[in-house]
Engineer: 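Quick one: the structure is below, and I'll ask about it shortly.
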Amino acid sequence: MLRESAKSREPFVRMVKRDRIGTKKAIGIRITAVILSLVVSGVVIVKITGQNPLEVYEGIVSGAIGTDRRVWVTVREIMVLLLISVGLIPAFKMKFWNIGAEGQILVGGLVAAAIMIYAGDRLPSWLIIVLMFVGSGLAGLIWGMIPAIFKAIYNTNETLFTLMLNYVAMQLVTFCIVFWEKPVGSNTVGVINSSSGKGWFPELFGNSQLLNILVVSAVTIGMFIYMKYSKQGYEIAVVGESEDTANYAGINVKKVIIRTVMISGAICGIAGAIIVGGCSHTISTSTAGGRGFTAIIVTWMSKFNPFVMILVSAFLVFMQQGSVQIASQFGLNQNASDIITGILLFFLIGCEFFVTYKVEFRRRNRG
C-alpha cells in the first residue's frame, strides 16, 4: 500500500542527469537544435517582416562569404573571437568566472595603440609589432592579476570584480583619447600611422590575415596541450573540482589562481593587439565590441575544448556578419537581425541541457 502511494506521488515527467552520452547522440541533439532554430527563425521572419525566409538565409550566407573580401573579414573575426575564447579556458576550467575579457582586450589594445603612436617614427615596423604583442600581453596579464590576487587572498567575488574592471578600462581609453585625438576636437584617435603603416600587421604570402591566423592557431594548439598534458593544466582541473582536494594533494591553490588568471588575461590582452594592429588600426571604447561577452558563450558551449571552439566561433561570427547584410539588403531594423541570432543562440544553448539531462516518464503500473 505504501509502495503504491509513493509511486503515485512520483512526477509524471522528470529530468535525470545522464551518466554519459554517446558522441553521435550528442551531435544529433545539436543538429536537431540547429534545424529547429532555423524553422522558428523562418516563422518569425514571415510574421514580422513578410520576407521569404529562404531569401533571408541566402542573404546571411552572402553577407558572410558572398565575396572574397567578406570571406576574409569573416575569417578575421573568427580568429579574434576564437583567441579570446581560448583565453577564457583556463580561468573557467578553474571555476574562476572571468567576466573581464572586455577590459583585458581594451587595456591590451590601449598599450598596442600607444606603442604604435609613440614608436611609429622611431622603430622599424617589425619591432613595433613584437613590442605590441609583448606589451598588450603584459597589460592583459596585469588586468587579470588584480582580481586574481583579491580572489586568492580575500576570496572576493571575481564576477563582480572583473566586470567592474571592464568599465575602468573604458575610462582609461577615454582618458588617453583626449591626448591622442586626431584631428583635434574629434574625440577619436583616427587611423593610427595611416601614411606609414607602422605597426600594421604585414601581408604574408600576399594575405593580410595570415599572421592573425598563425598567431591564433599557435595559441589554440598551445592551450590544448597546456590544459591536457601539463602539470599546471592538471592543477587547474583539480582546483576547479575542489579546493579542499587540491590542498590535500599539496597544490598551492592561491598560486594556481593567480597564475591561471594571469595567463587568461594575457591572451585576452594579445587579442587587443590583434584588433588594433591587424583589424581596426585605431583604439576606442568600442574596440572590444562585445567580443569578451560573446566569448563566454563560445567557451561554455564548447565545454572548454579549443578545437570545438573553432566551429562555435565560426557559426556565431557567420551569423553576425550575415545579419549585418540582411539588415541592409531587406531594409530590416538591426533588431530584426539580432532576433534571428538570438533565436539560434537560444536553441543552441538550450540543447546543451538535453545533452546533460534526459527526460523520463513515469512508467504505468500494469499490476
Engineer: Please confirm whether the backbone N or O of Cys351 pairs with a side-chain atom of Arg30, one donor and one acceptor, at under 3.5 Å?
Structural biologist: no

Engineer: Where is the tightest heavy-atom contact between Thr282 and Gly190, given as atom of each residue plus distance?
Structural biologist: OG1-O, 2.7 Å

Engineer: At their closest point, which heavy atom of Ala113 faces which heavy atom of Ile192, and how far apart are they?
Structural biologist: CB-CD1, 3.8 Å

Engineer: Working to the nearest 0.5 angstrom, can you tell me the gap between Leu344 CG and Ile60 CD1?
Structural biologist: 7.5 Å

Engineer: Please name the pair of heavy atoms, one in Pro306 and one in Thr220, separated by the smallest distance, quoted to 0.1 Å.
Structural biologist: CB-CG2, 3.7 Å

Engineer: Between Leu54 and Ile35, is there a shared hydrophobic cluster once you connect ILVMFWY residues whose side-chain heavy atoms come closer than 4.5 Å?
Structural biologist: no

Engineer: Applying the 4.5 Å side-chain criterion to the ILVMFWY set and letting contacts propagate, would Leu311 and Leu83 be lumped into a single cluster?
Structural biologist: no

Engineer: Tell me, with the steps shown, if Leu210 and Glu203 meet side chain to side chain contact (heavy atoms under 4.5 Å, CB included).
Structural biologist: CA-CA 7 Å; Leu210 189 55; Glu203 290 188 357; over 6 Å; no

Engineer: Would you say Ile27 ends up clustered with Phe347 if hydrophobic residues are merged whenever their side chains have heavy atoms under 4.5 Å apart, either directly or through other cluster members?
Structural biologist: no

Engineer: Within the distance-only criterion (no hydrogens, no angle test), does the side chain of Gln209 pair as donor or acceptor with the backbone N or O of Val73 below 3.5 angstrom?
Structural biologist: no

Engineer: Going through the checks in order, is the side chain to side chain contact (heavy atoms under 4.5 Å, CB included) test met by Ile99 and Phe161?
Structural biologist: CA-CA 9 Å; Ile99 314 299; Phe161 206 130; over 6 Å; no

Engineer: Starting from the C-alpha separation in whole Å, work towards a yes-or-no answer on side chain to side chain contact (heavy atoms under 4.5 Å, CB included) for Leu106 and Trp143.
Structural biologist: CA-CA 10 Å; Leu106 280 175; Trp143 217 246; over 6 Å; no

Engineer: Check Ser284 against Ile177 and note the closest heavy-atom contact, atom names and distance.
Structural biologist: CA-CD1, 4.1 Å

Engineer: So, Lys255 and Glu235, do they make that salt bridge, N to O below 4.0 Å?
Structural biologist: no

Engineer: Restricting to side chain to side chain contact (heavy atoms under 4.5 Å, CB included), what partner residues turn up for Val298, sequence neighbours left out?
Structural biologist: Leu81, Ser85, Ser302, Met309, Val312, Ser313, Leu316

Engineer: Could you tell me whether a side-chain N or O of Thr285 sits under 3.5 Å from a main-chain N or O of Met170, the two making a donor and an acceptor?
Structural biologist: no

Engineer: Just so I know, are the side chains of Met227 and Pro90 near enough to count as touching, which here means a heavy-atom distance under 4.5 Å?
Structural biologist: yes

Engineer: Donor-acceptor pair, distance only, cut-off 3.5 Å: does the side chain of Ser264 make one with the backbone of Gly87?
Structural biologist: yes

Engineer: On a heavy-atom basis, which atom in Tyr57 and which in Gly42 lie closest, and how many Å separate them?
Structural biologist: OH-N, 3.2 Å

Engineer: Does any donor atom in the side chain of Thr188 or Ser186 lie under 3.5 Å from an acceptor atom in the other side chain?
Structural biologist: yes

Engineer: Using side-chain heavy atoms (C-beta onward) and a distance below 4.5 Å, is Ile267 in contact with Met223?
Structural biologist: yes

Engineer: Below 4.5 Å, heavy atoms only, C-beta onward: do Phe293 and Asn166 meet side chain to side chain?
Structural biologist: yes

Engineer: Do Met116 and Ile283 make a side-chain contact, defined as non-hydrogen atoms from C-beta onward lying under 4.5 Å apart?
Structural biologist: no

Engineer: Find out whether Ile149 and Tyr154 are in side-chain contact, i.e. whether some heavy atom of one side chain is under 4.5 Å from a heavy atom of the other.
Structural biologist: no

Engineer: Any donor and acceptor pair, going by atom type alone, linking the side chain of Ser62 with main-chain N or O of Glu58 inside 3.5 Å?
Structural biologist: no

Engineer: Check whether any side-chain heavy atom of Val130 sits under 4.5 Å from a side-chain heavy atom of Phe133, and report yes or no.
Structural biologist: no

Engineer: Ignoring hydrogens, what is the shortest heavy-atom contact between Thr74 and Ala64? Give both atom names and the distance.
Structural biologist: OG1-O, 2.6 Å

Engineer: Fit a plane to each ring of Trp97 and Phe92, take the angle between them on a 0 to 90° scale, and name the class: parallel (under 30°), tilted (30 to 60°) or perpendicular (over 60°).
Structural biologist: perpendicular

Engineer: Where the side chain of Arg291 meets the backbone of Ala288, is there a donor-acceptor pair that is under 3.5 Å apart?
Structural biologist: yes

Engineer: Parallel, tilted or perpendicular, judged at 30° and 60°: which one describes the rings of Phe353 and Tyr357?
Structural biologist: parallel

Engineer: Between the main-chain N or O of Leu123 and the side-chain N or O of Lys198, is there a donor-acceptor pair closer than 3.5 Å?
Structural biologist: yes

Engineer: Any side-chain heavy atom of Val71 sitting closer than 4.5 Å to one from Ile65?
Structural biologist: yes

Engineer: Using the rule that two of Ile, Leu, Val, Met, Phe, Trp, Tyr join whenever any of their side-chain heavy atoms come within less than 4.5 Å, decide whether Leu36 and Ile31 are in one cluster.
Structural biologist: no

Engineer: Run the side chain to side chain contact (heavy atoms under 4.5 Å, CB included) check on Trp200 and Ser208 step by step: do they pass?
Structural biologist: CA-CA 10 Å; Trp200 292 27; Ser208 60; over 6 Å; no

Engineer: Are Val239 and Phe96 close enough that some pair of their side-chain heavy atoms sits under 4.5 Å apart?
Structural biologist: no

